Amino acid sequence: MGSCWSDGSYGGGGMVGVGGTSSSAAAGFASPNDAVDYYLKSRGYNGLFSQIELSFSASNLRDRDVISKSDAMVVVYIKGRDGTLAELFRTEVVLNSLNPKWIKKLTIGYQFEIVQTLLFRLYDIDTQFQNSREELLKLDEQQFLGEATCTLSEIITKSNRTIALELMHKEGVTAQTQTQNHGKLIVHAEESLASKTMTEIVFRCLNLESMDHFTKSDPFLVISKIVEHGAPIPVSKTEVLRNDANPLWKPVCLSVQQVGSKESPLVIECLDFNGNGNHSLIGKIQKSLSDLEKLHLSGQGINLFLPTGVGHKHEDRALKSQLFVDKFTETVQHTFLEYLASGFELNFMVAIDFTASNGNPRLPDSLHYIDPTGRLNAYQRAIVEVGEVLQFYDSDKRFPAWGFGARPIDIPVSHCFNLNGSSTYCEVDGIQGIMNAYNGALFNVSFAGPTLFGPVINAAATIASESLAQNARRYYVLLIITDGVITDLQETRDALVSASDLPLSILIVGVGGADYKEMEVLDGDKGERLESSSGRVASRDIVQFVALRDIQYGEVSVVEALLAELPSQFLTYMRNRNITPTSSS
């Protein structure tokens, strides 16, 4: 399904059926699609995720009852960024058991780009409340049995997707004596089959009404699912086609999970693109995936309609414009989580810009200034936030770390030196190891320049190439943090085109106030695919670029913006090379 408008990639947190570049991008029309992406996000679209079903059991619980054994219930919370807890779910009460297995399961959306911290609390439900509905029970009236916490990523990266958690007192205080046993909570995860079922659809319209005075419309489609309360939520879009009354769009891919089921109603709107973001509705229809499949089999079109009037006077006016489904196929594809379960890992790397334009790190106006209050600078923040997500997918947590654009002790200016100061190895232990090496390097190198990316990309590509030659189940993610515009743009293009055939993705964070327009060219979302100096075109998009200043005051975190497409890039690589996950033990 590589021909799908979304690169055919679905997995965890990737943007499926949304984004990319149209056939008009090469002609200089990439910006309408960027504007449409912004339009979707403003209406509620904020990425996609896999549905995970969590089941629970426990062993050796404390017996809080005098005559019988405990009557246990699990309450699940999710921890927000600010540390606040929100209750998600309650199991049923299992009577008279110290080793209960609960039937009720929690369905939760797994989002790759977010650290989803879960807190589990177990209670012994007093006999007088056992006929009450679980959701109505007052927890402060029940006996507390213990609690445990972990991230959703920790569960789904286990080979058997099962984790056993030691139960503890509240506030993380362990049992006071070795003999005081609180028991264990066992959590098991299963991915919804609907997350794996993909549809590929090709839409076409005839006789679209012109919304412009002198030219034909610039149409695109937005597909939204209907929710019980509130406005429809967009889940996919086509590209914008310029000046076309009979558009034929590239395929869009939808997972059944995205829309709920094949019978769930969808709203398909045909809109005329306007540069100011106020897109005009040409017409729309409401159909389910099953309806669209039948429409394809019939070979017939369906008339779009326009709603007219309001309230009780609401009517739909049928238009001459018609929508056709030229293709509808359904397949079950391997998902990102299936690759993880079969042993594939994501390995984190980082490269840090030490060029002189960052400023003297001893002065507060430097981008590298270490604040004595503990407040993280932009470089530290990017390392910690990205690393905290990716560390769960790397079993040994030994991360290659480099610096560039500075003069280490006793050697000339280097554009790829080991951050730990070693002349023989580049790895450090864990995120704290990166932070320690970074802090040490700040005062052991002389800031210089210029800003070159080619050497660090080639260093990462060498490691990825060696891993590929060994058939290792590893995919590498290089984070480059920089304050400046690169001066080796063509060399960087060449390195990226070469690396596009390797198990490697590159995340670039721009800090400071530089003009990053040239940098955005490297990101395949912003225009056509990269081309090397020899004319070779990148086999896939492996770059995601974010300017920190553009998002630091918004609702989307640096991590979400950077990592949203990583599962899709991973899956595109695997499918291009026909690599499939093996059955997990």
Side-chain angles (χ1 to χ4, degrees), residues 1 3-6 17-18 20 22-24 29 32-33 36 39-40 43 45 198-226 231-254 256 258-259 261-274 278-310 313-330:
M1 292 176 66
S3 61
C4 277
W5 180 234
S6 59
V18 180
S22 72
S23 57
S24 60
F29 296 130
N33 295 301
V36 169
Y39 167 71
L40 283 177
R43 293 180 59 187
Y45 177 84
M198 297 293 301
T199 59
E200 180 180 344
I201 310 172
V202 174
F203 290 105
R204 170 172 59 93
C205 278
L206 280 183
N207 304 317
L208 288 183
E209 296 188 12
S210 177
M211 309 299 289
D212 302 325
H213 293 297
F214 303 107
T215 62
K216 300 183 180 74
S217 296
D218 303 323
F220 67 98
L221 299 180
V222 172
I223 304 167
S224 303
K225 66 179 179 181
I226 296 175
I233 299 174
V235 293
S236 188
K237 74 169 181 68
T238 67
E239 75 276 27
V240 176
L241 294 179
R242 291 283 193 174
N243 195 28
D244 197 338
N246 301 295
L248 172 63
W249 289 281
K250 291 183 179 181
V252 295
C253 295
L254 286 169
V256 173
Q258 279 177 259
V259 300
S261 73
K262 285 193 70 172
E263 307 304 325
S264 300
L266 300 172
V267 175
I268 303 173
E269 298 172 291
C270 185
L271 298 154
D272 178 29
F273 173 82
N274 288 309
N278 186 24
H279 310 303
S280 303
L281 178 64
I282 299 174
K284 65 179 183 178
I285 61 167
Q286 180 173 310
K287 294 291 179 184
S288 67
L289 286 178
S290 291
D291 294 332
L292 294 175
E293 186 175 25
K294 293 173 185 175
L295 196 61
H296 165 63
L297 293 174
S298 72
Q300 298 178 341
I302 184 170
N303 293 85
L304 300 177
F305 68 84
L306 267 179
T308 59
V310 293
K313 297 181 180 180
H314 172 80
E315 293 181 358
D316 293 331
R317 177 170 65 88
L319 306 175
K320 293 182 179 179
S321 307
Q322 288 190 308
L323 178 76
F324 292 79
V325 179
D326 281 2
K327 181 179 181 181
F328 187 102
T329 59
E330 187 174 281

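In this text the structure is predicted, and so the values were computed from the model without any measurement.
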What closest approach, in Å, do [X] and [Y] show between heavy atoms, and which atom pair accounts for it?
{"X": "Leu248", "Y": "Arg204", "value": "CD1-CB, 3.9 Å"}
{"X": "Val259", "Y": "Leu289", "value": "CG2-CD1, 3.7 Å"}
{"X": "Gly283", "Y": "Leu319", "value": "CA-CD1, 4.0 Å"}
{"X": "Leu208", "Y": "Asp244", "value": "CD1-O, 4.2 Å"}
{"X": "Leu304", "Y": "Ile285", "value": "CD2-CG2, 3.7 Å"}
{"X": "Ser217", "Y": "Ser210", "value": "OG-CA, 3.5 Å"}

At what distance, to the nearest 0.5 angstrom, does [atom1] of [X] lie from [atom2] of [Y]?
{"X": "Lys225", "Y": "Leu254", "atom1": "NZ", "atom2": "CG", "result": "11.0 Å"}
{"X": "Ser288", "Y": "Leu266", "atom1": "OG", "atom2": "CG", "result": "7.0 Å"}
{"X": "Leu323", "Y": "Cys205", "atom1": "CG", "atom2": "SG", "result": "4.5 Å"}
{"X": "Arg242", "Y": "Phe220", "atom1": "CZ", "atom2": "CZ", "result": "11.5 Å"}

Do Phe328 and Leu295 pass the side-chain contact (heavy atoms from CB on, under 4.5 Å) test, and can you show the C-alpha distance, the side-chain angles, and the key distance before you say yes or no? CA-CA 9 Å; Phe328 187 102; Leu295 196 61; over 6 Å; no
Quick one: does Ile223's side chain get under 4.5 Å of Ile201's, heavy atoms only? no
How about Pro219 and Thr238: do any of their side-chain heavy atoms sit closer than 4.5 Å? no
In chain order, what residues pass the side-chain contact (heavy atoms from CB on, under 4.5 Å) check against [X], with sequence neighbours excluded?
{"X": "Asn303", "answer": "Gln322"}
{"X": "Asn207", "answer": "Asn246"}
{"X": "Ser264", "answer": "Ser261"}
{"X": "Gln286", "answer": "Ile226, Pro265, Val267"}

Checking side-chain contact (heavy atoms from CB on, under 4.5 Å) for the pair Ile302/Gln300: CA distance, chi angles, key distance, verdict? CA-CA 7 Å; Ile302 184 170; Gln300 298 178 341; over 6 Å; no
Go through it in stages, so that I can follow the logic: the residues are Cys270 and Leu221, the test is side-chain contact (heavy atoms from CB on, under 4.5 Å), and I'd like the CA-CA distance, side-chain angles, deciding distance and then a yes or no. CA-CA 5 Å; Cys270 185; Leu221 299 180; 3.7 Å; yes
Output yes when a side-chain donor or acceptor of Asp272 lies under 3.5 Å from a complementary backbone atom of Asp218, and no otherwise. yes
Is it true that a side-chain atom of Glu239 and a backbone atom of Lys250 form a donor plus acceptor pair closer than 3.5 Å? yes
Tell me which pairs pass salt bridge (charged side-chain N to carboxylate O under 4.0 Å, His left out) where either residue lies in residues 278-291, with sequence neighbours left out. none
For Glu330, all residues meeting side-chain hydrogen bond (donor to acceptor under 3.5 Å, both in side chains), sequence neighbours excluded: Lys262
Below 4.0 angstrom, N of the basic side chain to O of the carboxylate: do Glu200 and Lys327 qualify? yes
Walk me through it: do Val325 and Phe203 pass the test side-chain contact (heavy atoms from CB on, under 4.5 Å)? CA-CA 5 Å; Val325 179; Phe203 290 105; 4.1 Å; yes
